Amino acid sequence: MKHRALIVGAGRIGAGFKFGPWPYVYTHADAYLALRERVELVGFVEPDEERATAAETKYKLPVYGRLSKAILEHQEVDIVSVCVQPETQQRLVDMLIESDFVNGIFCEKPFMARDWYRLNPPYINVNYIRRADINHLVLKGIGRGILRVWAKKDIHTVCHFTDLARYWGLPKENLEYHPIDGPNHYEYAYNDKVIHFENGGVTGGFMERMLGNLLDAVDTGVELISPPENAVESEKWANEILEKA
C-alpha cells in the first residue's frame, strides 16, 4: 500500500520557508519526496498567504487554508505531518485521531498535547532528529559520559538535548547545560575522549529514517523511534532545567 500524506504548516520545518539550502534532507516535504516510493505528498495546510504561495510554487501541490475532515477524506490522506506552533498541536491532533482514517502522525517538538499520546494507531512519531541520526546512534550505550551543552534558553532548544541525554541513557547529573545567546554547540566526554558537535551535530538521513520508522509502524507495528510518551518525559526534564537556569 502506498500512503498519502498531508503537511499541516508550510513554514521552515514543514516546507523550508526562507530556510536552507542544506546538504541533506531537513524538511518534512523533502522527506516525503525522498520516500516517494512508499508515500505520496498530496498537499499542505497553511493559512499564511506568503508561506502558502511559496509552498505551492515550490512543490506544485494544492495548499488549503485550514484543515478539515473533508480535505482528509477527499485526498484519502492517512499520514499527516503536524508542523505548527506547540499551542496549536492538541486541537489538530484531536481532529486527526477522530478522523478514523489517519493512521500515522509525524509531529514536531516540543510535544505539548499531552492528553492523547498513544502507541496504537494512529501512531505518532515526535521529531527528535538525533534519535534517527547515525552520528548519535553510534554513541548510544557506549558509556555513561558527560553531555555538555551550550544552547539558547528556551524549551524548543533545551528539549533536544534532554532527549539526547535520555536516548543515550544518561542520568540527570550527567547533563551540563550552559545558557548562551550564540550558536548552539555541545560535546560528549567519555573514557578520556571528547567528541565535539557543531552545526546541529547531524550527518543527514535522519528525516528519512524518522518518517520511514513511522511508515513501518503503520504497516507492521514496529516500535517507534520517538513515541509521544518519550517526548513528554524529555520536555519535563527540559522545563526543570529552564526553571533553574
Side-chain angles (χ1 to χ4, degrees), residues 8-31 48 51 81-90 106-114 125-137 139-140 145-190 194-207 210 225-226 228 230-245:
V8 184
R12 185 178 76 168
I13 194 65
F17 180 70
K18 295 184 177 180
F19 189 56
W22 289 86
Y24 41 72
V25 173
Y26 193 92
T27 69
H28 284 243
D30 289 340
D48 180 86
R51 292 182 179 188
S81 279
V82 176
C83 305
V84 299
Q85 292 301 311
E87 60 270 16
T88 310
Q89 284 178 3
Q90 182 150 359
F106 192 10
C107 191
E108 276 303 313
K109 40 62 56 190
F111 184 80
M112 302 301 288
R114 301 174 188 274
N125 242 358
V126 182
N127 195 27
Y128 278 101
I129 61 176
R130 290 167 183 81
R131 285 179 175 258
D133 180 67
I134 295 299
N135 209 22
H136 296 81
L137 176 62
L139 293 173
K140 184 180 181 182
I146 303 295
L147 175 59
R148 302 187 181 99
V149 176
W150 293 263
K152 298 175 184 177
K153 189 179 177 182
D154 63 59
I155 184 65
H156 296 268
T157 302
V158 176
C159 69
H160 265 301
F161 299 108
T162 54
D163 188 77
L164 177 59
R166 294 184 63 252
Y167 179 60
W168 282 344
L170 303 181
K172 290 186 177 181
E173 59 269 22
N174 286 36
L175 172 59
E176 297 179 4
Y177 167 65
H178 307 277
I180 61 170
D181 293 327
N184 305 324
H185 59 281
Y186 54 109
E187 64 183 27
Y188 188 53
Y190 71 100
V194 179
I195 300 178
H196 300 277
F197 297 88
E198 302 286 346
N199 299 320
V202 291
T203 58
F206 49 87
M207 289 296 287
M210 191 70 79
I225 293 173
S226 184
N230 166 75
V232 169
E233 293 303 315
S234 295
E235 287 151 28
K236 283 181 180 177
W237 185 3
N239 281 319
E240 290 175 10
I241 288 176
L242 290 170
E243 288 174 1
K244 297 176 182 178

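Nothing here was measured: the structure is a model prediction, and the numbers come from that model.
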Exercise for review: Answer with yes or no whether the side chains of N127 and S226 bring together a donor and an acceptor at under 3.5 Å.
Suggested key: no
Revision key, fill the gap. E187 meets the salt bridge (Lys or Arg N to Asp or Glu O under 4.0 Å) criterion, sequence neighbours left out, with R148
Exercise for review: With sequence neighbours left out, write down each residue that passes side chain to side chain contact (heavy atoms under 4.5 Å, CB included) with F19, or none if nothing qualifies.
Suggested key: R12, W22, Y26
Review point. Side chains of V194 and Y188: closer than 4.5 Å at any heavy-atom pair?
Key: no
Practice item. Please test F197 against H136 for side-chain contact (heavy atoms from CB on, under 4.5 Å), starting from the C-alpha separation and ending with a verdict. Key: CA-CA 10 Å; F197 297 88; H136 296 81; 3.8 Å; yes
Revision key, fill the gap. Rounded to the nearest 0.5 Å, the CG atom of D30 sits from the CE atom of M207 at a distance of 8.5 Å
Point to revise | All side chain to side chain contact (heavy atoms under 4.5 Å, CB included) counterparts of P171, not counting sequence neighbours | key: R144, E173, N174
Exercise for review: Please report the shortest heavy-atom distance between N125 and I225, naming the atom on each side.
Suggested key: OD1-N, 3.7 Å
Review point. Quick one: side-chain hydrogen bond (donor to acceptor under 3.5 Å, both in side chains) partners of Y190, sequence neighbours excluded?
Key: none
Practice item. I would like to know whether N135 and V202 meet side-chain contact (heavy atoms from CB on, under 4.5 Å); could you show each step before the answer? Key: CA-CA 6 Å; N135 209 22; V202 291; over 6 Å; no
Review point. Can you name the salt bridge (Lys or Arg N to Asp or Glu O under 4.0 Å) partners of K244, sequence neighbours left out?
Key: none
Review point. Once you round to the nearest 0.5 Å, how far does CG of L164 lie from NZ of K140?
Key: 11.5 Å
Review point. What residues form a side-chain hydrogen bond (donor to acceptor under 3.5 Å, both in side chains) with S234, not counting sequence neighbours?
Key: D163, R166
Review point. Between F106 and H28, is the ring centre distance below 6.0 Å?
Key: yes
Practice item. Taking ring pair (Phe, Tyr, Trp, His ring centres under 6.0 Å) as the test, write out the residues that go with H185, two or more places apart. Key: W150
Review point. Side chains of L147 and L175: does their closest heavy-atom pair fall under 4.5 Å?
Key: yes
Practice item. Verify, without hydrogens or angle tests, whether D133 (side chain) and T203 (backbone) share a donor-acceptor contact under 3.5 angstrom. Key: yes
Review point. Got a sec, which residues hit side chain to side chain contact (heavy atoms under 4.5 Å, CB included) with K153, two or more places apart in sequence or on another chain?
Key: Y177, P179, L242, A245
Exercise for review: For the pair N184 (side chain) and T157 (backbone), establish whether a donor and an acceptor sit closer than 3.5 Å, ignoring hydrogens and angles.
Suggested key: no
Review point. What residues form a side chain to side chain contact (heavy atoms under 4.5 Å, CB included) with A238, not counting sequence neighbours?
Key: I155, V158, C159, T162
**Study point:** Results of salt bridge (Lys or Arg N to Asp or Glu O under 4.0 Å) for K172 - residues two or more places apart only
**Key:** E240
Revision key, fill the gap. Sorted by chain and residue number, the side-chain hydrogen bond (donor to acceptor under 3.5 Å, both in side chains) partners of Y128 (sequence neighbours excluded) come out as E235
Check your understanding: For R130, what residues pass the side-chain hydrogen bond (donor to acceptor under 3.5 Å, both in side chains) criterion, not counting sequence neighbours?
Key -> H160, Y186
